[in-house]
Amino acid sequence: LYCPCDSPCASAQELKGAFPTMKRITSLLLALVMLLALEGCGNSANGGSSAVKSADLSAFLEDVTSKQEAAMETLPADALETFYPGISDIETKQCTGATALISAVASEILLVEVTNADDVAKVEEIMNARISYQVGDGTSPGGAWYPETMDQWENNSRVVSVGNSVMLVVMDNADEIVTEFQNLFA
């Protein structure tokens with residue numbers, strides 16, 4: 001430290017002792033600022049991406065349907081629009097589904113990945129409309145027709161979304177399938 005009078009000053013001596021403390025405080029403040037800046041970057045600090053995760057929904061469908069007791073058939077594109085009116089109006093990256101081959105069994109799954117995140121709510125609405133149709137309004141039978149299948153649609157159907165992907169599942173083990181679906185994106 002420089003003192004203009006060329007003799008040790010009390011103020012210069014005090015400042016000299018304060019420098020190590022000031023350096024520590026400055027270092028801690030800089031470290032805190034860097035930590036907050038990295039936190040603001042979200043997943044980028046972990047080397048990840050802030051992009052929405054995607055999964056192979058066709059492979060997931062194949063895995064789920066292969067474990068079911070009732071034989072299931074993949075829904076062709078024209079049946080998708082019949083079962084889920086409005087689904088073809090939504091821009092999707094993936095859209096696949098399957099249903100039981102016999103009407104006496106309530107077993108159905110639809111998997112959709114939308115291009116635009118704003119469409120997730122529209123897909124959920126379409127899926128919930130399918131459930132409502134199958135259950136009926138209480139005065140007339142629903143589309144599922146049989147009391148057991150209407151009960152299955154009412155009590156064992158789930159609509160769940162993760163990112164841009166949405167699933168409707170109607171099966172006895174719907175909750176297990178929901179967990180498997182969510183794990184695809186973990």
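Numbers for residues simply follow the sequence, beginning at 1. Just so you know, these numbers come straight off a predicted model, no measurement behind them.
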Can you name the closest pair of heavy atoms from [X] and [Y] and give their distance?
X: Leu184; Y: Ala55; result: CB-CB, 4.0 Å
X: Ile87; Y: Cys95; result: CG1-SG, 4.2 Å
X: Met167; Y: Phe181; result: CE-CB, 3.7 Å
X: Ala186; Y: Lys53; result: O-NZ, 3.3 Å
X: Ser54; Y: Phe185; result: C-CE2, 4.1 Å
X: Ile177; Y: Phe60; result: O-CZ, 3.9 Å

Hydrophobic cluster membership, [X] vs [Y], 4.5 Å side-chain cutoff:
X: Ile90; Y: Phe83; answer: yes
X: Val135; Y: Met127; answer: yes
X: Val114; Y: Val162; answer: no
X: Trp153; Y: Val178; answer: no

Donor-acceptor contacts, no H, no angles, side chain residues 119-126, under 3.5 Å, sequence neighbours left out:
from   : atom 1 : to     : atom 2 : distance (Å)
Asp119 : OD1    : Lys122 : NZ     : 3.2
Glu124 : OE2    : Ser161 : OG     : 2.9

Side chain of [X], backbone of [Y]: donor and acceptor closer than 3.5 Å?
X: Asp151; Y: Pro147; result: no
X: Asn183; Y: Thr179; result: yes
X: Asn173; Y: Glu176; result: no

Check: Asp172/Gln68 side-chain N/O donor and acceptor closer than 3.5 Å: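 Not at all, the side chains of Asp172 and Gln68 share no donor-acceptor pair under 3.5 Å.
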Distance-only donor-acceptor check, side chains Glu81 and Ser88, under 3.5 Å: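 Yes, a side-chain donor-acceptor pair sits under 3.5 Å.
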With a 4.5 Å heavy-atom cut-off, do [X] and [Y] have their side chains touching?
X: Leu168; Y: Ile131; value: yes
X: Tyr146; Y: Ser103; value: yes
X: Glu113; Y: Leu57; value: yes
X: Val166; Y: Val160; value: no
X: Met72; Y: Val64; value: no

Exceeds 12 heavy-atom contacts within 6.0 angstrom, atom CD of Glu73: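 No, not enclosed.
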Reported CG-to-CG distance for the pair Leu75 and Leu80, which is rounded to 0.5 angstrom: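 Taking CG in Leu75 and CG in Leu80, the distance rounds to 5.0 Å.
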From Glu154 atom CD to Ser132 atom OG, the distance as rounded to the nearest 0.5 Å: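 Between atom CD of Glu154 and atom OG of Ser132 there are 9.5 Å.
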Would you be so kind as to tabulate the donor-acceptor pairs closer than 3.5 Å made by side chains of residues 105-112, with sequence neighbours excluded?
from   : atom 1 : to     : atom 2 : distance (Å)
Glu108 : OE1    : Thr99  : OG1    : 3.1
Glu108 : OE1    : Arg130 : NH2    : 2.9
Glu108 : OE2    : Tyr84  : OH     : 2.5
Glu108 : OE2    : Arg130 : NE     : 3.0
Glu108 : OE2    : Arg130 : NH2    : 3.3

Met171/Asn156 under side-chain contact (heavy atoms from CB on, under 4.5 Å): CA gap, chis, key distance, verdict: CA-CA 6 Å; Met171 295 180 191; Asn156 290 325; over 6 Å; no
